[in-house]
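Note that these values count all heavy atoms, side chains included, but never hydrogens, waters or copies made by symmetry. Numbers restart at 1 for each chain; the letters A, B, ... are given by sequence-line order, proteins then strands. Predicted, not measured: the structure shown is a model, and the values here were computed from it.
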Amino acid sequence: MTFRVPRILLILSILSIPTSILSPCRAAEVSTDARYLDGLRQRELFELAETYARQRLAEDTLSPRDRARLTIQQARTFSQHAAAAPPAEQTALWQQAEGVLDTWLAAEPDSPWRPLVAMQRALVALARGEFARHQAQLATQADPHLAEARAQLRASIGRLRPLVDEVDRMLAVAERTGPRGTSAGSPQDISQAALSADELISLGRNVRYQLARALLAQAQCYDRQSADRAHSLTQATAWLDQLAGLPQNDSLVWKSRLARVECYRLLSDYASAARALDEIDQQQPPRAVALRARTEAIRLALDQGQLDRALALLQLPDVLARLDQPNWDLARLEVSLAAWQAAGDRGDPELAGQWQTRANELVRQIESRHGAYWSRRAEMLLAGALRRAAGSGDPDTLARAARSAYLSGQLDEAIGLYEQAAARAAAAGNPQQALDSGYLAAAILQKQGRYDQAAERCRRWSLALAGQPRAAEVHLEAIRNLAQAIKDRPDAALDDYGSLLEEHLARWSASSTTGEARWLLGGVRRYQRDWDRAIAAYQGIGPADPRLADAIDAVGTCYKARLAELRADHPAAEALAARGTAWFESILDTAGGSPIERLSPAQRRVVLWAARMRLASADYGKAQRRLTAALAEAPDAPDDWRREAEALSVVALAGAGQADEAGRMVERLATAPPTALLNLVDQLDRLAQAAPTPHRQRLANLQLQVVDLVGRRQSELSPDQRLAFHQAYAGALVASGRGDEALEKYATLARAHPDDAKLGEAYAELLATRGDRWSLAAALAEWRRIERRAKPGGGQWFRAKYAVAELNLRLGRPERAEKIIELLALLHPELGGPAMKPRFEQLLQQAKQRGLAPSPR
Amino acid sequence: MTPMIDVIFLLLIFFVCTASFQAVEEVLPTNLQLPGSLESQAPPPEDLVDLDEIVVKILFDDGRTHWQINHRDYQDLGVVRDVLAAVARLKSDLPVILDPDGRVPLASVIDVYDTCRQIGLRRIQFAASENVS
């Protein structure tokens, strides 16, 4: 979080050359440009003001006096822009402000307006130093800002000191050469004339006041007890003494007197400070000055340890009570904090508590009345008081102190204070505040990347205050933090993560957070390949949850994966498919059992999955009816969905034996994405493998029909899709009994893609289906090649081993087949797992029998 | 002068005749097939073409030796011997490649080598790095 130093402090610094040093007639003349630029600056249209000033300065007709004034205005614009700009842009703008003044000073060594521009140059440095000092008060790392402040203030002082002498010298000359109050003989000469004696007197006082301000600011950049601080304050007091005796109608007199009180107080010269305050009181100051003086009086009393006097000074007369000054409110807070500390020291906890509550109220008041800068200063005071009164503090105060510590960059302290605030709030029967504070402690830990600890705290507080409305959200934060903590070691801690999600669902089953928790839990179970629990988690996601459509897809994907695992176990697969179908269809049916009239996007996805489930359990008729109905109920469905539904309809019709109807449906798929068509070929291929022989030919023709559709759009295919198309084409040729064409196709493909093991296997298998010796030898060579490329011990490698042994047997070399299998059993006793091992053993038996049989002569 | 030359000549003939040169190492007869050598490029014999060559990796971790035969781990040299004996019974001219890790003590390599020889495996080779020049 960043705080902006209040603009008014800077504007006061930057605009410190009073127009009163100019004669009334000149002030009126100046005002056109100055008022325009002022207006732009007030509206923060800095770039417009800068452009305007630049354009005006480019005019050749501009008089030297107006050029000087516009240059000062331009520098003010840059300075104010710097104070309002983001930190990254500030330095450049400050430099521009300095640059325009330096350029003018270098170009105009003898100009009579030189003191004004030189003073503005010193004021830019002063404003920059003040700005850095205010930033140091709020920043996490104060030192760089303090160093910057000291450097700028030193530069400002270095420019102001000689300016005092120069203005005095010019004043002496002006008093010798002309009457006071005039600077030129005629109005025509005004634009070229030098400053009058009155103007120089006014300028001289102003330079002195600014010099004192710079010294006072410089003093506050040093440590409290340091000699540098005392030295700067003494010098500032000396300059202010010169101004404090001016007539009361001078604009600088009250400011100087107040600044002098502050200097005395900071020098611990309390007697002089009190005397100066009395003088101010006796001279009937304006109300704003009176309130500032009262503020200083309170601070003086506090510095002297006179709490009762400070408390008495808080009682304001009505005329002053209506004024609104942030410094006054801050002083009131200082009194409350001092009273809290004093009550604590006296062992009066009740009174201490009352003052603490009062202090909290004041901090809130300051925040609402005076904005972030003063609120931050108030919180810093509060945090300091809390540190002094260690062990005490109500939850409110502790939370504010924690916030202050956090903003000061003391993160560990902030965490501790928030934890204390949470514990005390819980003990005081304020569970909401306890949960908020506990959560903030965890949030800081999270920001520091200490996710484990953040998760632990979020979990602890949410479980302890589970009845709170935000508890579920905080527990979900624990889950998110744990996810971050274990992201580098997911396997080791996945069970803990899953348990936390289960805990969330058990504790807050009706919360709005359960959708996310179920989604995350489904992901965990899916990663663990625990399909049943993943399905259960996804199925729990409610109809109003935005993740519903994705959850439906996730359920379908899990069912599909589980069905693939159960491929060998038909009854279990059928039962699972039936369960999946029932669930998907339950979403589509209303409570009364009548179908819905119009499908939502999520329901459209459900239809596809329900159909896939029906197809998986070979229930082609019902799948077809469901798809036909859905296509009718979703006239506004996107084309992709319609094509997908129609593709599934083709499978359903083909499976139901309605090949002709399926063929007609295929024609509608001409515009379907090639991927969907290739997927359809694959599904039809699987259907054909399980179909009885007479039906297989018709399915193969259907495959060729779909492949033909893809073939028409070959130009749209990527290289991978093109390969898949050729493979599908070759597979369809095989299925349709066009073996020679298929073989030729495969041979071409295998030559073009020697690294494609799947293709190689298909080619080798096709070769092996032909009984002639040449084909068997070619198949053997192909399998040997696959074996060499496969990873030893992998599934493909065992398949290749089996095929090599079998082909040796078929080629009349039983003893070699026997040796291959025996050696394989010796080196890899598992023989490729439960699926492959019986096949190897059976082949070995055959080889042994053939080896024993007499060979034909 | 002449007798001295005669004596030196006789001594020279004596030392040449009596000198014994270091014997050629024949205790561990083995072929080292380096990559690119003619033998390494030659196709395997027809009866061995479908049989896996036996690769015995000899590894050394945590101060003890263990073995891998065709990627399968063995912790006991006795079991390694049994497996290799079974291989030898199946086909004794099957190539066996010994691939010792750089940290394996020489004695452990010799143990495996001796085992192979004792059980009758005839074609024992040592694995060579491809960057051997």
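- Residue B/K91 qualifies as enclosed at atom NZ: its count of foreign heavy atoms under 6.0 Å is above 12.
- Around OH of A/Y802, the count of heavy atoms belonging to other residues, nucleotides or ligands within 6.0 Å exceeds 12.
- Proximity to chain B is absent for every atom of A/E815, based on heavy atoms less than 4.5 angstrom apart.
- Here the shortest heavy-atom pairing between B/R72 and A/L827 reads CD-O, 3.3 Å.
- Under a cut-off of 6.0 angstrom, the local environment of CD in B/Q75 is crowded, with over 12 non-hydrogen atoms contributed by other residues, nucleotides or ligands.
- Distance CG/B/D50 to CZ/A/R784: 4.0 Å, rounded to 0.5 Å.
- The minimum heavy-atom distance linking B/D52 with A/K801 is given by the pair OD1-NZ, 2.8 Å.
- Heavy atoms from other residues, nucleotides or ligands lying under 6.0 Å from CD of A/Q528 number more than 12.
- The candidate with the highest count of non-hydrogen atom pairs below 4.5 Å against chain B, out of A/E818, A/R813, A/R816, is A/R816.
- Annotation for A/R789: atom CZ counts as buried by contact number, over 12 foreign heavy atoms lying within 6.0 Å.
- Summarising the geometry of A/H828 relative to B/N70, their closest heavy-atom pair is CE1-O, 3.8 Å, with the distance given to 0.1 Å.
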